[in-house]
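Working notes, beginning with the structure itself.
All values reported here derive from a predicted model rather than from experimental measurement.
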Amino acid sequence: MARRGAAALALALALLAVALAGAAAQGAAVEDPDYYVQEIWSREPYYARLEPEPFSPPLPAGPGEEERKLRASEPRPPKKATKPKKAPKTEKLAPETPPPGKKSNRKGVKAKSSEKAAGDDYRVPVARDAVREGCPPLGLETLKITDFQLHASTSKRYGLGAHRGRLNIQAGINENDFYDGAWCAGRNDLHQWIEVDARRLTKFTGVITQGRNSLWLSDWVTSYKVMVSNDSHTWVTVKNGSGDMIFEGNSEKEIPVLNELPVPMVARYIRINPQSWFDNGSICMRMEILGCPLPDPNNYYHRRNEMTTTDDLDFKHHSYKEMRQLMKVVNEMCSNITRIYNIGKSHQGLKLYAVEISDHPGEHEVGEPEFHYIAGAHGNEVLGRELMLLLMQFLCQEYLARNSRIVRLVEETRIHIIPSLNPDGYEKAYEGGSELGGWSLGRWTHDGIDINNNFPDLNTLLWGAEDRQNIPRKVPNHYIAIPEWFLSENATVAVETRAVIAWMEKIPFVLGGNLQGGELVVAYPYDMAKSTWQMQEHTPTPDDHVFRWLAYAYASTHRLMTDARRRVCHTEDFQKEDGTVNGASWHTVAGSLNDFSYLHTNCFELSIYVGCDKYPHESELPEEWENNRESLIVFMEQVHRGIKGLVRDLHGKGIPNAVISVEGVNHDVRTGNDGDYWRLLNPGEYMVTAKAEGFTSSTKNCIVGYDMGATQCDFTLSKTNLARIREIMEKFGKQPVSLPARRLKLRGRKRRQRG
């Protein structure tokens, strides 16, 4: 703990030095003490334009007015440009006239409304080529901005209300319901708007827009104005020269378009006012606002709800090279419990790295279960990838600090973590950045394959055999063989998929989780509906009760998954099952990793959707880590539930490939090369049978308790009489024992006959 305290102190001092340097560089840019104080109930408008110079709007006549005017007109040199961490974002600024689109014939026509624009006397010139460090998103996509903070002039219906105008929000399977894919105005005219109430003074720096998510309709806004206010009554329009600035919008409905404000605006409210839209469509849009909330020490509400973390971890998005370097650093810090290896290469030749965390890295210990986390199968679902990098840092630090819980987990479990299964896809998403990649950029492999659904469909083989009543003789209820066509070189199978299959066949995993994004739920198998042509159908496995427990173990310890007050991410409300869902009842998928793992190996695999935002901004990572940290640890600990043991012969030698059956559960598991096994079960009393070819079966009554730790249930099997006979026959070259003597007699007879 002393080491952790020293590291945290050093980090705090470094951050303090950076903050002081930043304050010195800014100088006395803001003199008014009210700049940092928000009076929520004040109806007097308050604005400021920052970088390079603060701006104050016209105020009522009174003492000091002349002084304020002189101060506002004093020229000041612009701030020195600072480079943003991300790739540069192109600022798309439209000319004074809107681009072609519906109502584009109204070029230069101002909407007749009560909105006021700041006069030219109060404009501040700004260097157009100056590069500013951008502010993070306010949180429309991550749901930090609640539905009550979104308002609109009109809407077509509830399902297209302002609360649906969030970046990357997805429409439901059946459109025209409560869950549609954008905000759509009730009328198509220049008086429509959608606004965000930040609930505190915020420095607004940019707007990101999309069109409507729809399979059938094409709706998007091609240009718009931006306005700000502090009281939602008096509005200031962003200017470009002497007139209102027209920002260029979207040219299609899915690719996000970023527009940075020429000068940041400080206010509480921001409003988007569409000026033109697609010729054959309507006013519909999804959006995200970029802004920096200003400090307000007097507002207890915001200070109470701020999320902080005490873990000294590397909270940032890592490129492939940076990920590799971070894994190396963790390995050097904890060389006695970590090992870096790769399971293969991607289509582009990038290695698929894994980190093993164990007290004996590099070897399977008899009786110790194997666990894995996989992230990044979809390259654009970045949150899971970063959580895995944070988890390996956390486990290393806590082990060195002798955290008893982590030490016990590491010493009793062999943990494997693959943070990026699809590095090719991630590199595409990384280039786009956290807000501009859209919903699917980088999702697939380089050759266009969805890894998560690229595994062999073993469900159809199993269910077909059950319908023909061939279970369990011809087709087993577990360890179902991969079809020959899937193994051929011409099959449409990603190299990453083949690498995972070989990895899972080599290591006897007991439990695993694959981290995904875009939702907040834990999905358990089966993922494929049993009924043909059914898009949604509850299809449980024989171990449904165990899978439900495993899913709930993660969801119930997550900060938000089981919160009944939280808003749904897109269309599905998973609260009726406490943040869990059967995969097939959500949407049917053939060839999923979860189903393959259950039917081809001993491993129980679940899909963990860790956040509504697939690629959250870097500033969101500490909070997302706090949301998931306990869940990630609790889920790993579940590998120690159920029964475990050794299956040996009379000489004490482990019997590999022995079948472990539980009465009443039509799914078996098998022993590893050393004869050890693990069987996940909920608390209860079970009749368990061990059987192996050439041995007599053995049945025991095994009791699983509620305390953590699997129940030891060993078996000793004796060979059958037939097996002993075969053993003796093999010893003598598969011949009867008396055969050599008979041969001697026959040779003697032949000699006598010749003589």
Side-chain angles (χ1 to χ4, degrees), residues 170 173 215 343-344 346-347 352 372-382 384-385 418 420-426 428-429 439-463 480 482-483 485-488 490-505 512-519 521-539 541 547 570 572 581-601 603-610 614:
Q170 302 295 295
I173 296 176
L215 293 174
I343 66 170
S346 69
H347 188 274
L352 307 178
H372 75 250
Y373 272 129
I374 299 174
H378 296 148
N380 64 329
E381 294 172 6
V382 178
R385 180 183 194 271
I418 297 181
S420 187
L421 185 58
N422 181 10
D424 297 347
Y426 173 75
K428 292 180 182 178
W439 187 250
S440 59
L441 179 65
R443 174 185 176 91
W444 299 280
T445 63
H446 184 76
D447 48 346
I449 296 176
D450 186 336
I451 297 176
N452 195 55
N453 307 329
N454 191 223
F455 293 84
D457 173 16
L458 304 181
N459 304 59
T460 301
L461 296 177
L462 174 66
W463 295 332
I480 299 175
I482 298 175
W485 66 265
F486 188 89
L487 301 174
S488 67
N490 297 327
T492 307
V493 182
V495 292
E496 296 89 346
T497 305
R498 296 188 189 277
V500 171
I501 291 175
W503 180 59
M504 297 185 72
E505 289 178 336
N514 56 88
L515 274 62
Q516 301 188 45
E519 263 298 351
V521 67
V522 181
Y524 54 89
Y526 290 121
D527 289 332
M528 181 179 177
K530 187 172 183 179
S531 299
T532 309
W533 307 115
Q534 287 289 333
M535 296 298 296
Q536 294 176 314
E537 181 187 48
H538 183 74
T539 309
T541 65
F547 277 114
H570 299 282
E572 301 285 345
V581 67
N582 173 256
S585 67
W586 183 12
H587 53 258
T588 183
V589 169
S592 73
L593 172 58
N594 293 348
D595 291 0
F596 168 79
S597 179
Y598 182 68
L599 295 177
H600 186 68
T601 73
C603 185
F604 285 34
E605 184 94 16
L606 292 85
S607 293
I608 303 169
Y609 293 79
V610 291
K614 292 182 176 183

Side-chain ([X]) to main-chain ([Y]) donor-acceptor, under 3.5 angstrom:
X	Y	answer
Thr601	Ser597	yes
His446	Asp424	no
Ser585	Gln536	no
Lys614	Val382	no
Gln516	Glu381	no
Thr497	Val495	no

* To do: Give a yes or no on whether the ring-centroid distance for Tyr524 and Phe604 is below 6.0 angstrom.
  =>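 No: the rings miss the under 6.0 Å criterion.
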
* Asked: Are the aromatic ring centres of Trp463 and Tyr526 under 6.0 angstrom apart?
  ->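 Aromatic pair counts; centres sit under 6.0 Å.
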
* **Test log, rule side chain to side chain contact (heavy atoms under 4.5 Å, CB included), inputs Trp503 and His372** => CA-CA 11 Å; Trp503 180 59; His372 75 250; 3.7 Å; yes

Rounded to the nearest 0.5 Å, what separates atom [atom1] in [X] from atom [atom2] in [Y]?
X	Y	atom1	atom2	answer
Asn454	Trp444	CG	CH2	13.5 Å
Asp457	Asp595	CG	CG	8.5 Å
Ile374	Asn452	CD1	CG	9.5 Å
His587	Glu537	NE2	CD	15.0 Å

Any side-chain donor near an acceptor of the partner, [X] and [Y], under 3.5 Å:
X	Y	value
Asn453	Ser592	no
Asn422	Thr445	no
His378	Asp450	yes
Asp527	Asn582	no
Glu496	Ser346	no

* To do: Write down the atom of Leu487, the atom of Arg498, and the distance for their closest heavy-atom approach.
  =>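 Between these two residues, the closest heavy atoms are O-NH1, 3.9 Å.
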
* What is the minimum heavy-atom distance between Ile608 and Gly513, and which atoms define it? ->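 Scanning both residues, the minimum pair turns out to be CD1-CA, 4.3 Å.
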
* Asked: Step by step, would you call Phe486 with Phe455 a ring pair (Phe, Tyr, Trp, His ring centres under 6.0 Å)?
  -> CA-CA 9 Å; Phe486 188 89; Phe455 293 84; 7.7 Å; no

* According to the interplanar angle, ranging from 0 to 90°, do the rings of Tyr609 and Trp586 count as parallel (below 30°), tilted (30 to 60°) or perpendicular (above 60°)? ->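 Tyr609 and Trp586: perpendicular rings.
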
